[in-house]
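Chain letters run A, B, ... following the sequence lines, proteins first and then strands; every chain starts at 1.
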Amino acid sequence: MTTERFDPATSDLRWQAAWYAAQCFAADDNSAKPRSFVLEMFPYPSGRIHIGHVRNYTMGDVLARTKRMQGFEVLHPMGWDAFGMPAENAAMEKGVHPGGWTRANIKAMTEQLKRLGFSFDWSREISTCKPDYYGQEQALFLDLYAGGLVYRKESAVNWDPVDMTVLANEQVIDGRGWRSGALVEKRKLNQWFLKITQFADELLEGLDGLENWPEKVRTMQANWIGKSQGLKATFRFPAGSPLSFRGGAGGGVSPPDATSREEDRPHPNSSPETQSSEAQREGLSGIEVFTTRPDTIFGASFVAVAAEHPIAQGVAGNSPDAQAFIDLCRSGGTTAAELETTEKLGFDTGLKAVHPLDPSITLPVYIANFVLMEYGTGAVMGVPAHDQRDFEFATKYGLEITRVVAASAADADKPFAGEAESGDGVCVNSRFLDGLRVAEAKAAVIARAESEGWGTAETQYRLRDWGVSRQRYWGTPIPFIHCEICGVVPVPKKDLPVVLPEDVDFKTPGNPLLRHPTWKHVACPQCGKPATRETDTLDTFVDSSWYFLRFASQPSDRPFDREMLKKWLPVEQYIGGIEHAILHLLYARFWTRALQHIGLIDFAEPFASLFTQGMVTHETYIKETSFSPDPTVLSEVEGPSFSSAALKEKGSPSTSSGQTGRGDDPFGVGESISIKLEQYLSPSEIRKEDGKAFEIATGEEVKIGRVIKMSKSKKNVVDPDNIIATHGADAIRWFMLSDSPPERDLPWSEAGIEGCSRFVQRLWRLFGQYDANATGEDKPLDRKRDQSVAAATGDIAALSFNKAVARIYDLANAIEKSAPSASRSVAIRTLLLLVSPMMPHLAEEAWAAFDISGGETGLIAQAAWPPVDPALLIEDEVTIAIQVLGKLRDTITVAKGLSKEELEALALASDKVQRALDGKAVKKVIVVPDRLVNVVA
RNA sequence: GCGGACGUGGCGGAACCGGUAGACGCCAGGGACUUAAAAUCCCUUGAUCUUUGAUCGUGCGGGUUCGAGUCCCGCCGUCCGCACCA
């Protein structure tokens, strides 16, 4: 072997094999050492590892390796989130089996991960698509069912009539299925739900204890749960004015939809069944509203209900105008931009509602387009003075705007500056509430409502129960059986796992489980009569809601070993992308609490610390081609096929202004039009020179675009395999840790990876200078060494890898500049240990090749982390900044620990200080020992 | 609209608790070595000026302080999340 250069191509594989042979990353359940569970979010086996994975797993690996060296028993596992739609799409497009496709991807990606030298305990590998995993998931699902946390109900879903499947909201684009392009229908299907709302409060309050989670994630989850407290109040209809639509000419519109709201979001701690009757009653005697501002109740000037509200439906039964208005509401868009500009519209039903605190006041009842059926009671009291939406509505329809909250009593009749005032203040024009602060008034109104029986304190959540049914093949079969006699019957645990049949076909759209000739036919476990299996499968987010438990223990006969979980859980450090801030992390928290609730585990929160890493970004390369269009092409430019092909119109006004320009002068009679086509080029098609980019094929300069997340459509992706082949695993790992703080985006660059590669070689040369027999002491280098260890250790613990990297560069620079000595050899050995978690292959190679191990046998992966001598951390000399009036004028290097008087004297003795003082009298001198002296003149 | 994060050289970014702004890396420039190139090594590198030194400089405007990138008040901008949530 030559020691001239480090050769990753051979070394990487050699040490990966050595680690495997020594089993040095297998976590010992029975170890007496302190434990650490380091976990990165497991990947979906899409086919190839991408650079984001590399960043994620490098961070976790550095942490895991460092912790091992520091004497921890580390659990650092890896697995596969292996169920999901891409496998089925591949099946449909390429005619391969989802299972075969997934397993092939797992195999390929496992090789890629191993090639990067990650210190995973592969003996604990999990694939969620294997029956030994999803079978235990079915068992847990049954346990949750037994614990009352699983229920079934009819619910509206997005149904793609072409693909014959349910689509998630994110998969519906402009009302069409993302794959088929078919108009999506709303369908009512019986679906399985998990009662996450029962834990809404717990999940919210639990966030306070998650101090080692990013504030951002905690905030996002809190917003998602969306707790708001207020009053649910009934505004009854006047006596003697029964609702005309009840049983009236309008065809007896009973309010069947009255139940829809409650069905969509069952209230915490109450079953869906009790809610519907409650809701039905509500439609009769009055209108139930929810408000977070009961203090403003005397400012109410109308009541508004949603278009889907039973009262609106009832009115529509008698009034074509009302029906037309409801239809209008439904046609409105729901995108942010549309909502921003949509005018508040209402339809006066002619109905009146009585103010609960003063029967002499009656309020008009409107159907309004801004009231949502899905939230609260689907009806609001309109208080224009203190709610912006109500304000706009009242302004449009000439309704009264009564101020009931003001800065002070003196402002009781202050006019409004064109908008509602939603802030704090004191109540005015509010009778018994006058003078109370908002918070006091809220309590007073609620108390009154409860004592008089027209309302109750109410907490509303934005969070809905978690619908887990998917009409898909490639997922965990929901372990239930439908029997005509016995109803819905759980599969007995002894019959688990309910295994997915392999012999399915994807030639026709829809769920293959539904069409399978035999699979779904079973005997009812209760009565033994012919019955059918549930053919829905579980949302894949269920799979990832408990996989961390399975990593800690994998008994074959139950989901986990409770005692083993006590040893390893919660996960000490979880690392993954911010894109999972809500769904995955909320579901995993819920699942953990649910398991604790039903008594299966002993902790409430799964992840003690969470770290969300930034994305890897890359600049884009844009080739602009101009051409003069003929009319047929121009018309195509407007079409979706063109605009979706990464094309933008820019530059010339006639093209960028689009429709308007075209209307009166379609093709720019007075000037020639050129359209700029923008086409993205991939980094491999580019050569860079002096900060400019050129297309290799043509030599033409191309525009360097924004640095953005790597994506196929922008072609700004780099393939980890190519980088490993060229530079080795350590260089790419080093790049992932360098420069950018790990929570921020990391811009990938060719120059950057080359720099990393050079540093790998530079370290190799430096390690080659190790001389076990060198003598002599180098005190400053000793100090530098210990300071570097102390700092880097802290930086790694804080996941500030970029800072640890800077410390390592710094130490390497210092060693290179130093003369041979025993200190230098110790420093080289220390440096090697410090970089070993980051560049493990180089470290092992040098450890062995240059005999740096110094008597320690075995791998550097098993060596001890370098110790720090606290005495060496203390400098004996310090550089003192000398300021005059806060401006730096001089620095002096003195022995540490000089007294204030000595420092003051030294500062005043400085020529530079005297020159800056220019004869002015010194008023006072501020001395910060061992830091600075500031002379104030 | 609500919530959150951020704003420092050509670039990525350092800077403990208010105490020498720009560590470390990249890019760039100059030099050494070489027949040459690569590789490597050394030096320079915030701006300006009258350059042994001075002035300015952490998005903008104020303030507190002996001293502010850091604290306070008011703006501007960028990014992210949520959104007619009553």
Side-chain angles (χ1 to χ4, degrees), chain A residues 4-5 214-224 226-228 230-231 289-293 296 304 306 332 334-336 338-340 342-344 368-372 374-383 386-390 392-393 419 422 460-462 578-579 581-582 688 690-691 707 734-735 738-741 743-747 749 751-756 758-759 761-762 765 791 794 800 802-813 816 879-891 912 915-916 923-928 930-937:
Chain A
E4 294 291 311
R5 279 181 67 80
E215 188 63 41
K216 180 189 172 112
V217 175
R218 292 198 279 168
T219 307
M220 282 167 74
Q221 292 211 351
N223 290 343
W224 187 262
K227 179 178 184 172
S228 50
L231 170 71
V289 304
F290 174 70
T291 177
T292 56
R293 294 295 304 274
T296 64
T334 51
T335 65
E338 283 168 323
L339 292 176
E340 198 80 2
T342 304
E343 197 182 5
K344 305 284 178 282
N369 64 346
F370 65 92
V371 181
L372 304 176
E374 308 85 66
Y375 186 78
T377 59
V380 300
M381 65 175 197
V383 184
H386 306 290
D387 180 281
Q388 185 58 27
R389 292 157 303 182
D390 298 347
E392 289 171 28
F393 190 81
E419 58 181 22
S422 55
Q460 286 285 341
Y461 297 89
R462 214 184 71 97
I578 187 71
E579 66 273 21
I582 296 176
K688 284 191 84 179
D690 288 351
V707 179
W734 187 251
F735 190 104
S738 303
D739 291 351
S740 286
E743 70 277 11
R744 282 198 223 168
D745 289 351
L746 172 68
S749 74
I753 185 66
E754 281 164 10
C756 293
R758 279 198 297 274
F759 186 60
Q761 297 300 337
R762 192 177 138 204
R765 291 191 296 274
S800 298
N802 59 319
K803 294 190 216 170
V805 161
R807 294 291 181 172
I808 287 169
Y809 274 117
D810 205 28
L811 179 60
N813 290 345
E816 281 180 342
T879 302
I880 307 283
I882 314 273
Q883 298 177 333
V884 176
L885 285 166
K887 284 190 179 172
L888 184 71
R889 294 297 168 180
D890 201 359
T891 58
K912 290 173 182 170
R915 213 180 316 143
K923 284 184 193 150
K924 67 171 167 175
V925 179
I926 286 146
V927 181
V928 183
D930 294 334
R931 270 207 173 242
L932 66 70
V933 180
N934 188 9
V935 180
V936 183

Gap in Å between the two C1' atoms, one belonging to rG1(B) and one to rC84(B), rounded: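 Each nucleotide's C1' atom is 10 Å from the other's.
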message: Taking only the C1' atom of each, what is the distance from rG59(B) to rU52(B) in whole angstrom?
response: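 Result for the C1' pair: 36 Å, nearest Å.
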Phosphate-side-chain proximity, [X] and [N], N/O vs OP1/OP2 below 4.0 Å:
X       : N       : value
S749(A) : rC26(B) : no
Y375(A) : rA86(B) : yes
K887(A) : rC56(B) : yes
R765(A) : rC41(B) : yes

- prompt: Quick one: do R389(A) and E392(A) make a salt bridge, cutoff under 4.0 Å?
  reply: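 Salt bridge absent between R389(A) and E392(A).
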field: Residue mapping more 5' on RNA chain B - nearest nucleotide basis, M220(A) or V805(A)
entry: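 Nearest-nucleotide comparison on RNA chain B picks V805(A).
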message: As a test of reading the structure: which of rC85(B), rG19(B), rG4(B) is closest to the side chain of V928(A), going by heavy atoms?
response: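 In terms of side-chain proximity for V928(A), the closest of rC85(B), rG19(B), rG4(B) is rG19(B).
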task: For the side chain of T879(A), starting at C-beta, report the closest nucleotide among rC66(B), rC24(B), rU20(B).
output: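 Nearest nucleotide to the side chain: rU20(B).
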- prompt: Reckon V925(A) touches a base, only the sugar-phosphate, or nothing at all at heavy-atom distances under 4.0 Å?
  reply: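 If one applies the 4.0 Å heavy-atom cut-off, V925(A) turns out to touch nothing in the nucleic acid.
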message: At 4.0 Å (heavy atoms only), tell me whether V936(A) reaches a base, stays on the sugar-phosphate, or touches nothing.
response: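 Contact class for V936(A): sugar-phosphate only.
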query: Can you list the stems that RNA chain B is part of, where a stem is at least 3 pairs in a row, each Watson-Crick or G-U, with both distances below 3.5 Å?
result: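 RNA chain B stems, ordered by first number: B:1-7 with B:76-82, B:10-12 with B:24-26, B:28-32 with B:40-44, B:46-49 with B:53-56, B:59-63 with B:71-75.
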- prompt: Under a 90° cut-off about 0 for the syn range, is rC17(B) syn or anti?
  reply: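 Base orientation relative to the sugar is syn.
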field: Glycosidic conformation of rG69(B), taking syn as within 90° of 0 and anti otherwise
entry: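 Chi for rG69(B) falls in the anti range.
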Protein N or O to nucleotides 12-18 of chain B N or O, pairs below 3.5 Å:
| residue | atom | partner | partner atom | Å |
| --- | --- | --- | --- | --- |
| rG12(B) | O2' | S740(A) | OG | 2.7 |
| rG12(B) | N2 | D739(A) | OD1 | 3.0 |
| rA14(B) | OP1 | N802(A) | ND2 | 3.4 |
| rA15(B) | OP1 | K803(A) | NZ | 2.8 |
| rC16(B) | N3 | R931(A) | NH2 | 2.8 |
| rC16(B) | N4 | R931(A) | NH1 | 2.5 |
| rC16(B) | N4 | R931(A) | NH2 | 2.5 |

task: List in chain and number order the residues that pass salt bridge (Lys or Arg N to Asp or Glu O under 4.0 Å) with R889(A), two or more places apart in sequence or in another chain; answer none if no residue qualifies.
output: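 Here no residue qualifies.
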